[in-house]
2 protein chains.
Amino acid sequence: MGATNTLHYTETQKTVASLAKALGHPARVAIIEYLLSVDACICGDIVDELPLAQPTVSQHLKQLKNAGLIKGNVEGNAICYCIDEQAIEKLKTYFANISGRLAEQSPKCC
Amino acid sequence: MGATNTLHYTETQKTVASLAKALGHPARVAIIEYLLSVDACICGDIVDELPLAQPTVSQHLKQLKNAGLIKGNVEGNAICYCIDEQAIEKLKTYFANISGRLAEQSPKCC
DNA sequence: AATCAATATCGTAATATTGCAATATTAAAA
DNA sequence: TTTTAATATTGCAATATTACGATATTGATT
């Protein structure tokens with residue numbers, strides 16, 4: 001066990017992990033893609049797009065919102081959710097950065 | 001319950017969710033960043049970089065490998081892992097695409 | 001062959017996630 | 001005001017994840 005073994009994770013590592021975890025279920029990826037395809041905020045038929053019951057979809061939406069991937073809220077019987085562009089931007093930038101750094105590296109053995 | 005409620009997820013949705021899930025823990029993000037920083041395949045001191053015991057790190061490596069984010073293997077007491085560039089490329093492309101499509105859309109209410 | 005160093009696997013406990021039926025909440029409509 | 005439509009919350013069972021001590025495996029070294 002090395003000397004750095006008690007260190008915690010960086011803020012970036014925690015942020016990326018949190019966003020990635022939120023996208024770590026196909027239903028939540030499908031929700032993001034649906035919000036993208038609708039190009040509007042009010043979209044009360046998300047449930048119809050998924051092979052899941054309404055409470056389950058509601059839970060997935062909650063997770064996406066907690067992670068900051070979507071924003072908005074509900075007023076009565078009208079839902080108003082949309083993608084939080086900043087979260088997508090963070091992920092886009094993060095993976096583009098890794099990709100760029102990989103491209104600069106020397107060839108690997110595996 | 002709509003007519004499309006029994007559909008499954010697309011291949012893309014399943015792939016992205018699987019990769020995202022693998023990155024859904026800060027330890028695994030830290031492993032990826034460490035592999036990137038080392039710029040070499042043989043890197044037997046991953047355990048020293050993380051606040052986790054060796055079996056736990058081994059499990060995280062296994063998850064990353066199962067998801068296709070890293071490749072390589074072990075020969076005796078030598079570890080040989082590195083980032084699978086294709087997986088990073090998939091994520092980079094996916095989020096860049098979403099970002100681009102978001103930029104084209106009309107302003108939202110939330 | 002016996003030992004060593006490094007990593008994987010097993011077993012297990014604690015915690016988290018997933019999914020849904022039942023119920024609650026909310027604002028609009030009748 | 002009662003009803004209705006849409007979404008959230010609760011409660012609970014099943015499953016998955018996380019973490020680690022103990023042990024196994026593996027290939028090199030002595």
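All values below come from the heavy atoms of this structure, side chains included, with hydrogens, waters and symmetry mates left out. First the proteins, then the strands, lettered A, B, ... as listed; each starts at 1.
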Practice problem: Answer yes or no: is there a donor N or O on one side and an acceptor on the other, between the side chain of Arg28(B) and the main chain of Ala22(B), under 3.5 Å? | Solution: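 Yes, because the side chain of Arg28(B) sits within donor-acceptor range (under 3.5 Å) of the backbone of Ala22(B).
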Exercise. Please determine which of Leu91(A), Asn97(A), Ile98(A) meets the side chain to side chain contact (heavy atoms under 4.5 Å, CB included) test together with Tyr94(A).
Key: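 Single pass found, and it is Ile98(A).
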Quiz prompt | Given Leu69(A), Thr93(A), Leu36(A), the one that forms side chain to side chain contact (heavy atoms under 4.5 Å, CB included) with Ile88(A) | solution =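 The residue from Leu69(A), Thr93(A), Leu36(A) that satisfies side chain to side chain contact (heavy atoms under 4.5 Å, CB included) with Ile88(A) turns out to be Leu69(A).
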Practice problem: Fit a plane to each ring of His60(B) and His25(B), take the angle between them on a 0 to 90° scale, and name the class: parallel (under 30°), tilted (30 to 60°) or perpendicular (over 60°). | Solution: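 Correct class here is tilted.
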Between the protein and nucleotides 17-20 of chain D, which nitrogen or oxygen pairs are less than 3.5 angstrom apart?
| unit_1 | atom_1 | unit_2 | atom_2 | d |
| --- | --- | --- | --- | --- |
| dT17(D) | OP1 | Lys21(B) | NZ | 2.6 |
| dT18(D) | OP1 | Arg28(B) | NH2 | 3.3 |
| dT18(D) | OP2 | Arg28(B) | NH1 | 3.1 |
| dT18(D) | OP2 | Gln63(B) | OE1 | 3.1 |
| dT18(D) | OP2 | Gln63(B) | NE2 | 3.1 |
| dA19(D) | OP1 | His25(B) | NE2 | 3.4 |
| dA19(D) | OP2 | His25(B) | NE2 | 3.3 |
| dA19(D) | OP2 | His60(B) | NE2 | 2.7 |
| dA19(D) | N7 | Gln59(B) | NE2 | 3.1 |
| dC20(D) | OP2 | Ala53(B) | N | 3.0 |
| dC20(D) | OP2 | Thr56(B) | OG1 | 3.1 |

Distance-only check: which donor-acceptor pairs under 3.5 Å involve side-chain atoms of residues 10-17 of chain B, not counting sequence neighbours?
| unit_1 | atom_1 | unit_2 | atom_2 | d |
| --- | --- | --- | --- | --- |
| Thr10(B) | OG1 | Gln13(B) | N | 3.0 |
| Thr10(B) | OG1 | Gln13(B) | OE1 | 3.4 |
| Glu11(B) | OE2 | Lys14(B) | NZ | 3.2 |
| Gln13(B) | OE1 | Thr10(B) | N | 3.0 |
| Gln13(B) | NE2 | Glu33(A) | OE1 | 2.8 |
| Thr15(B) | OG1 | Glu11(B) | O | 2.9 |

Between atom [atom1] in [X] and atom [atom2] in [N], what is the gap in whole Å?
| X | N | atom1 | atom2 | result |
| --- | --- | --- | --- | --- |
| Leu61(B) | dA6(C) | CG | P | 16 Å |
| Ile79(B) | dG27(D) | CD1 | P | 15 Å |
| Lys65(A) | dT9(D) | NZ | C1' | 14 Å |
| Glu49(A) | dT7(D) | CD | C1' | 17 Å |
| Lys62(A) | dA24(C) | NZ | P | 17 Å |
| Tyr81(A) | dA6(D) | OH | P | 16 Å |
| Gln54(A) | dG19(C) | CD | C1' | 12 Å |

Quiz item: Side chains of Glu89(A) and Ser99(B): do they bring a donor and an acceptor to under 3.5 Å?
Solution: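 Note: Glu89(A) and Ser99(B) side chains meet the donor-acceptor criterion.
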